[in-house]
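Below: the structure, in structure tokens.
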Protein chains: 2
Amino acid sequence: MGRKKEISIKLTPQRLVIMEYLEGNMNHPSAADIYNAVSKKYPTMSFATVYNTLETLWEKGRLRELTIDRGKMRFDSNTKPHHHLICVQCKNITDIHRKFALKLPEGEQYNFDIIGIHVDFYGICPKCKKEKNNNVEVKKW
Amino acid sequence: MGRKKEISIKLTPQRLVIMEYLEGNMNHPSAADIYNAVSKKYPTMSFATVYNTLETLWEKGRLRELTIDRGKMRFDSNTKPHHHLICVQCKNITDIHRKFALKLPEGEQYNFDIIGIHVDFYGICPKCKKEKNNNVEVKKW
DNA sequence: TCTAAAGTAAGAATAGTTATTAATTAAAAT
DNA sequence: ATTTTAATTAATAACTATTCTTACTTTAGA
Ligand SMILES: [Mn+2]
Ligand SMILES: [Mn+2]
Ligand SMILES: [Zn+2]
Ligand SMILES: [Zn+2]
């Protein structure tokens, strides 16, 4: 199942600082999150380089792209198969590593070659439950 | 579980033609898909009206918004709880109505109020498997 | 029928992402 | 160690999807 390709890319300082930031990062950052963080360590970093590096890492199987968040991509350096718990209010994303028994129903219309299964749990996280602006409005999920 | 609110909105011709297009539509169209289709029946339709109507229908619980597709929202007029089978090549989305037994692991960090669970199966659909440009490149999933 | 609140259309504005290109650089070849 | 070259970077333009603004129009209730 592991389609991990050889990681043979030029090791530029820009790529190294981005990879260091992503290593073990559990926050599922957006491209802007990554740019803001790595700019501190490497001030001439450009947005294009962040996107290029993310693309390269994805191609090499070192990164997962999440389409969970409305309007922007989120990136996941945890490439082990896992699922997510998403707070619809603060958009926090938590990993769930339990494996679920999920089988497609039989049927000709389902004759897919399956390459991945993602389970998304949507809800309100404990932190958001506590806050006063709790019931203001939960928009868009 | 059904938080279906009263559908009390002004019945404008624009809304009626959009609702008619969505009624029973299994294609999970984007806003542009909807605009292109309803413009034929109602040529002065504007993009803003499409977005406004989709927003209203969503607020009334008559529409589900899918974040499955990179870069653009897809809309689902089937509001019954169900899951999806997504072709990573042609981006076709098929409904799966089987209900799966999915429980969050116990643990304080998982103390969410769960409001929805979505399972996404990713793969290559039968049609795309047949086509010659099959192995050109499967980008982005 | 009258009125007020709500909705529409056109287009400007914004956000996120991708494309372009000249200059730079990592790493392979000598 | 130097040269070579193909890959990478930074700046910024372009693009796509979505949201905002505003003057005008319309629905639905009084
Ligand atoms: Mn994750
Ligand atoms: Mn569906
Ligand atoms: Zn939260
Ligand atoms: Zn397909």
Side-chain angles (χ1 to χ4, degrees), chain A residues 5-21 28-60 62-76 91 137 139-141, chain B residues 5-21 28-60 62-76 91 137 139-141:
Chain A
K5 288 169 195 156
E6 274 306 310
I7 176 85
S8 56
I9 58 173
K10 276 196 190 177
L11 290 177
T12 66
Q14 292 92 337
R15 283 174 171 177
L16 288 169
V17 71
I18 291 169
M19 286 162 77
E20 185 185 16
Y21 173 75
H28 308 86
S30 65
D33 294 335
I34 295 166
Y35 172 78
N36 291 332
V38 301
S39 293
K40 299 210 179 79
K41 283 206 169 185
Y42 199 96
T44 62
M45 177 74 61
S46 84
F47 242 108
T49 297
V50 171
Y51 277 108
N52 286 341
T53 300
L54 292 171
E55 167 85 8
T56 300
L57 292 174
W58 176 82
E59 281 170 354
K60 300 293 179 184
R62 306 255 304 201
L63 196 68
R64 183 165 133 190
E65 297 182 337
L66 306 181
T67 48
I68 285 169
D69 204 345
R70 187 192 179 85
K72 69 183 160 202
M73 215 49 48
R74 303 273 293 259
F75 299 90
D76 195 338
K91 302 293 164 62
E137 51 175 351
K139 297 273 296 177
K140 304 289 176 199
W141 67 278
Chain B
K5 289 168 195 157
E6 274 306 310
I7 175 86
S8 56
I9 58 174
K10 279 195 189 178
L11 290 176
T12 67
Q14 292 91 339
R15 284 173 170 177
L16 288 168
V17 71
I18 291 169
M19 288 163 77
E20 185 186 16
Y21 173 75
H28 308 87
S30 66
D33 293 335
I34 296 165
Y35 173 77
N36 292 333
V38 300
S39 292
K40 298 208 180 82
K41 283 206 168 184
Y42 198 95
T44 63
M45 177 74 62
S46 84
F47 243 109
T49 296
V50 170
Y51 277 107
N52 287 340
T53 300
L54 292 171
E55 166 85 7
T56 300
L57 292 174
W58 175 81
E59 280 169 355
K60 299 294 179 184
R62 305 256 306 202
L63 196 68
R64 183 165 134 191
E65 297 181 337
L66 306 181
T67 50
I68 285 169
D69 204 344
R70 188 194 179 82
K72 71 184 159 200
M73 213 51 48
R74 303 274 293 259
F75 299 89
D76 195 339
K91 301 293 164 61
E137 50 175 352
K139 299 272 295 175
K140 304 288 176 203
W141 66 280

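This is a predicted model, so every value here is computed, not measured. Note that these values count all heavy atoms, side chains included, but never hydrogens, waters or copies made by symmetry. Here is the naming used below: chain letters follow the sequence lines, and residue numbers restart at 1 for every chain.
Atom OH in Y35(B) sits about 15 Å away from atom P in dT18(D), given to the nearest Å. Computed from coordinates, the E55(B) CD to dA17(D) P distance equals 19 Å when rounded to whole Å. Put simply, NZ on K72(B) is 17 Å from P on dC15(D), counting in whole angstrom units. Residue D69(B) contributes atom CG, which lies 14 Å from atom C1' of dT17(C) at whole-angstrom precision. Here the C1' atom of nucleotide dT17(C) and the CZ atom of R74(A) are 16 Å apart, to the nearest Å. The separation between W58(A) atom CH2 and dT17(C) atom P is 15 Å, rounded to whole Å. The separation between E59(B) atom CD and dA6(C) atom C1' is 13 Å, rounded to whole Å. For the pair I34(A) CD1 and dT17(C) C1', the computed distance is 13 Å after rounding to whole Å.
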Take D33(B) and S30(B), measure what side chain to side chain donor-acceptor pair (under 3.5 Å) needs, and give me the verdict at the end.
CA-CA 5 Å; D33(B) 293 335; S30(B) 66; 3.1 Å; yes

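Interatomic distance, CG of L63(B) versus CZ of F75(B), reported as 6.5 Å (0.5 Å rounding). Atom CD1 of I18(A) sits about 8.0 Å away from atom CG of L57(A), to the nearest 0.5 Å. Note that OH of Y51(A) is 11.5 Å distant from OG of S46(A), once rounded to the nearest 0.5 Å. Atom CE of M45(B) sits about 7.0 Å away from atom OG1 of T53(B), to the nearest 0.5 Å. How far CG of L54(B) is from CD of E59(B): 11.5 Å, rounded to the nearest 0.5 Å.
Counting non-hydrogen atoms under 4.0 angstrom, A31(B) reaches the backbone sugars and phosphates but no base.
Using a distance-only test at 3.5 Å, with no hydrogens or angles considered, a donor-acceptor pair links the side chain of T67(B) to the main chain of T67(A).
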Taking protein heavy atoms under 4.0 Å as touching, what does nucleotides 7-12 of chain D look like 5' to 3' if B marks base contact, S marks sugar-phosphate-only contact and - marks none?
BSBBB-

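Axis deviation across the helix from dT1(C)-dA30(D) to dT30(C)-dA1(D) amounts to 40°, comparing end segments of five pairs, rounded to 10 degrees.
The existence of a salt bridge linking R74(A) and E65(A) is excluded, since no basic side-chain nitrogen approaches an acidic carboxylate oxygen closer than 4.0 Å.
Close to dT18(C), at under 4.0 Å from its OP1 or OP2, lies a side-chain N or O of R70(B). A close approach under 4.0 Å does not occur between any side-chain nitrogen or oxygen of Y51(A) and OP1 or OP2 of dT18(C).
Test N52(A), T49(A), V50(A) against Q14(A) for side chain to side chain contact (heavy atoms under 4.5 Å, CB included) and you get one pass: T49(A).
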